[in-house]
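So the structure is just underneath, and the comments pick up after that.
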Amino acid sequence: MKFNFNNEKGLLVHLMFEDSALKCDVFSKLVEKKIFSKKSGEIYLDIYNGACFVGLGKKEELEVDNLREIFFKLANELKAKKVEEVQIELPKLENICEEGIVTGITEGFIQSEYDFNRFKSDKNDKYELVVNLNKATEKQIKEVEDLENLMSAVFETRDLVNLPSNYIYPETLAKNAQELLSPLGVKVSIYGKEEIKKMGMEAFYAVGKGSDNEPRLIVMEYDNNSDSNEKIALVGKGITYDAGGYSLKPSDSMKTMFCDMGGAASVIGTILALAKNKVKTNVVGVVAACENAVSGHSYKPGDIIGSLSGKTIEVDNTDAEGRVTLADSVYYATKFKNATKVIDLATLTGACLVALGEVYTGALTNNQEFYNNLLEASYKAGEKIWQLPYDKEFKKLNKSHVADIKNSGGRLGGTITAGLFISEFINDLPWVHLDIAGTAFLSSANSYLPKGATGVHVKTLYYLLKEDK
Ligand code: BES
Ligand code: MN
Ligand code: ZN
C-alpha cells in the first residue's frame, strides 16, 4: 500500500452520505433502482465503467471505527478486482476531527494488508494499491506517516504471536525484541537463567525451570522525555508456550498456547511504535519469558516458592503460571526500574473469555483516573476494554494456609482473583491490569481483525503515551 497526497489520479472513490447528492446518470440510476442506497458500509464497484461509490450512512452516526471497517472492506474489494490506484477526497465532518477521518480511512486500508503466510508455499500474487488522498491538510499528512509506523508495529506484534513455539521461545523472543528495538535507540537488556536466579526472581525461575528452552528476562528502556519524572512500566506476560505444567492442559486447549506471550508481544510492539514515531515519553518494558512445560525439573502443585518481593507463594495449580511470572516482573519494574505507574498485559485467564468473549479485554485498576485515561485512548484505538471490580473481598480466595499467598483462587471470579494476585506485587503504584486472554488471539476473523493474533492494545497504549506529555 502506498499513500500519496493531493494527486488526482486513479479510480475516483465517491464517499456518499445519506444526504449527499451527485449529478451523474450512473449514480441516479443506481439510487433509483435501489441498487445503492448510501447506507453505511455499502460499496458499489464497477471497474469497467470506472464507478466506485461508498456509503457512509448518516453523518451524525459515523464513527472512526466505522471508517476502519468500511475502508478495510473496500480495500478487499479493490484487491479482488486488482484495482491499482484510487483517489479519495477527504471529507470534512462536524463530529470527527481531521485526524480521526484520515486515521479511519488509512488504517482500514492498511488493515487489509496483514497476512500471516510465511509458511505457505503458495503465496498470493504481489499486489500493491496506490491511494491518493486529496484535500489533505499538513496535519493529516503527518498523521498518515505516523499511522503507517504504528500499524507496522501492530503487524510485528501479530507475527510474534502467530509464530508457534518452535520459532518463538524465550531466546528468540529476546532476540526479536533486540533486533527490532536496539536500532531505534531503545536500550534492550537480556538476562539468562543463572542471572534470573541470582537476581532473586524465584517465582519466575520456578515456572521456567521445567523447560529445556531456558528463560530470559527482557528489559526494554525507552527514555525520550527528560522534562518528565514519569516512567510507565509496560509489563507483558511472556509464556512462549503454556502446556499447563503438571496441572496439564487438555490437548485441545493446549494447541494455541503459543499465543500466551501475547502480552509480551504487545509490549514490544508498543515500544516499537513509540520509538519509530519518536514519541516524547519514558517507558520501561519488562518481559519474563519462559515456557510452562512438563519435565523432571518442573515446579509441582503443592510447591511453596519464593519471589523477588520476598513473599512466598503456594503453587495451587501449575497452570496458573502467568501471575507467578508477572509477580516478579511487576515487582522488578517498580523496585529496580523506578517506574511511577504500571500497566500489565496478559493472556491470563480462561475466565475472562467466559465473561467477555473475544470482544472485550478485562481490566482491573487501583487508580480510576489512570484507568480513565487509558479507556479514553482505547476509544481512539477502537479496542474495547471492560472494567471489573477491584474489590478486596475477593482477596480471601487467594489466601494460603501455608504461604503468604496462593496462585489460584479457584473458579469463581477467576479474572478478578488473578488480577488481585498481581496487585500484591506492585508496591501501591497506580496500576492497570489488562487480561487479553480473549482479545489477543481470535478463533475467527472479526471485521478488520484477522483470525489468530490481533496485536491488541498496541494502538491503545501508543495513544495513551502520546497524550502523556
Ligand atoms: N494461558 C492461560 C489462560 C488462557 C486461556 C489464555 C485461554 C488464552 C486462552 C493461563 O495460564 C491459564 O491456564 N489459566 C488458568 C488459571 C486457573 C488454573 C486458575 C485458567 O484460566 O484455566
Ligand atoms: Mn496456564
Ligand atoms: Zn498461561
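Counting starts at 1 for both ligands and their atoms, in listed order. Quantities reported herein were computed from a predicted structural model and do not represent experimental measurements.
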Near [X], which atoms of ligand 1 are under 4.0 Å from a heavy atom of that residue?
{"X": "Ala437", "value": "6 (C), 8 (C), 9 (C)"}
{"X": "Met257", "value": "1 (N), 4 (C), 5 (C), 6 (C), 7 (C), 8 (C), 9 (C)"}
{"X": "Glu321", "value": "11 (O)"}
{"X": "Asn317", "value": "18 (C)"}
{"X": "Leu353", "value": "7 (C), 9 (C)"}

Shortest non-hydrogen contact from Pro215 to Phe204?
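Heavy atoms of Pro215 and Phe204 come nearest at CB-CZ, 3.8 Å.
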Minimum heavy-atom separation for Val279 to Asn224, with atom names?
O-ND2, 3.1 Å
Return the name of the atom in [X], of element N, O or S, nearest to the Zn ion (ligand 3).
{"X": "Glu321", "result": "OE2"}
{"X": "Asp260", "result": "OD2"}
{"X": "Asp242", "result": "OD2"}

Any donor-acceptor pair under 3.5 Å linking the side-chain atoms of Thr318 with those of Ser247?
yes
Hydrogens and angles aside, do Thr349 and Thr415 bring a side-chain donor and acceptor to less than 3.5 Å of each other?
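Present: a donor and an acceptor within the cut-off.
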Between Leu374 and Leu434, is there a side-chain heavy-atom distance shorter than 4.5 Å?
yes
Which residue holds the protein heavy atom closest to [atom], what is that atom called, and what is the gap in Å?
{"atom": "atom 21 (O) of ligand 1", "value": "Gly350 N, 2.7 Å"}
{"atom": "atom 12 (C) of ligand 1", "value": "Asp319 O, 3.2 Å"}
{"atom": "atom 2 (C) of ligand 1", "value": "Asp242 OD2, 3.5 Å"}
{"atom": "atom 10 (C) of ligand 1", "value": "Leu348 O, 3.2 Å"}

Atom 6 (C) of ligand 1: of Thr256, Ile239, Thr347, the nearest heavy atom sits on Thr347
Among Cys352, Ala351, Ala320, which one puts a heavy atom closest to atom 17 (C) of ligand 1?
Ala320
Within the supplied structure, the quantity of interest is the number of heavy atoms (other residues, nucleotides, ligands) at a distance under 6.0 Å from [X] [atom1]; does it exceed 12?
{"X": "Lys198", "atom1": "NZ", "value": "no"}
{"X": "Asn95", "atom1": "CG", "value": "yes"}
{"X": "Phe116", "atom1": "CZ", "value": "yes"}
{"X": "Asn229", "atom1": "CG", "value": "no"}
{"X": "Asp428", "atom1": "CG", "value": "no"}

Distance-only N or O hit between ligand 1 and Thr349, under 3.5 Å
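No; every N/O pair is 3.5 Å or more apart.
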For Glu321, the N, O or S atom at the shortest distance from the Mn ion (ligand 2) is OE1
So, 4.0 Å and heavy atoms of Arg411: is ligand 1 close enough to count as a contact?
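Under 4.0 Å: no for Arg411.
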Heavy-atom contact under 4.0 Å between Arg323 and ligand 1?
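Yes; Arg323 lies near enough to ligand 1 that a heavy-atom distance drops under 4.0 Å.
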Has the side chain of Asp404 got a donor or acceptor atom that lies under 3.5 Å from a matching backbone atom of Thr312?
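Here the side-chain-to-backbone pair exists.
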N/O donor-acceptor pair under 3.5 Å between Tyr241 side chain and Tyr169 backbone
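Answer holds: no.
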Opening angle at the Mn ion (ligand 2) [OD2, Asp242; OD1, Asp319; to 10 degrees]:
100°
Distance flag for atom 14 (N) of ligand 1, protein heavy atom under 4.0 Å
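There is a protein heavy atom less than 4.0 Å from atom 14 (N) of ligand 1.
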N/O/S from Asp260 sitting under 2.8 Å away from the Mn ion (ligand 2)
no
Verify whether the ring centers belonging to Phe394 and Tyr390 lie closer than 6.0 Å.
no
Which one holds for Glu358 and ligand 1: side chain close, backbone close, both close, or neither close, with close meaning a heavy atom under 4.0 Å?
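Neither part.
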For ligand 1, indicate whether the residue Ser408 contacts it via side chain, backbone, both or neither (heavy-atom separation under 4.0 Å).
side chain
Looking at Glu321 and Lys237, is any side-chain nitrogen of the basic one under 4.0 Å from a carboxylate oxygen of the acidic one?
yes
Is the Zn ion (ligand 3) under 2.8 Å from any N, O or S atom of Lys237?
yes
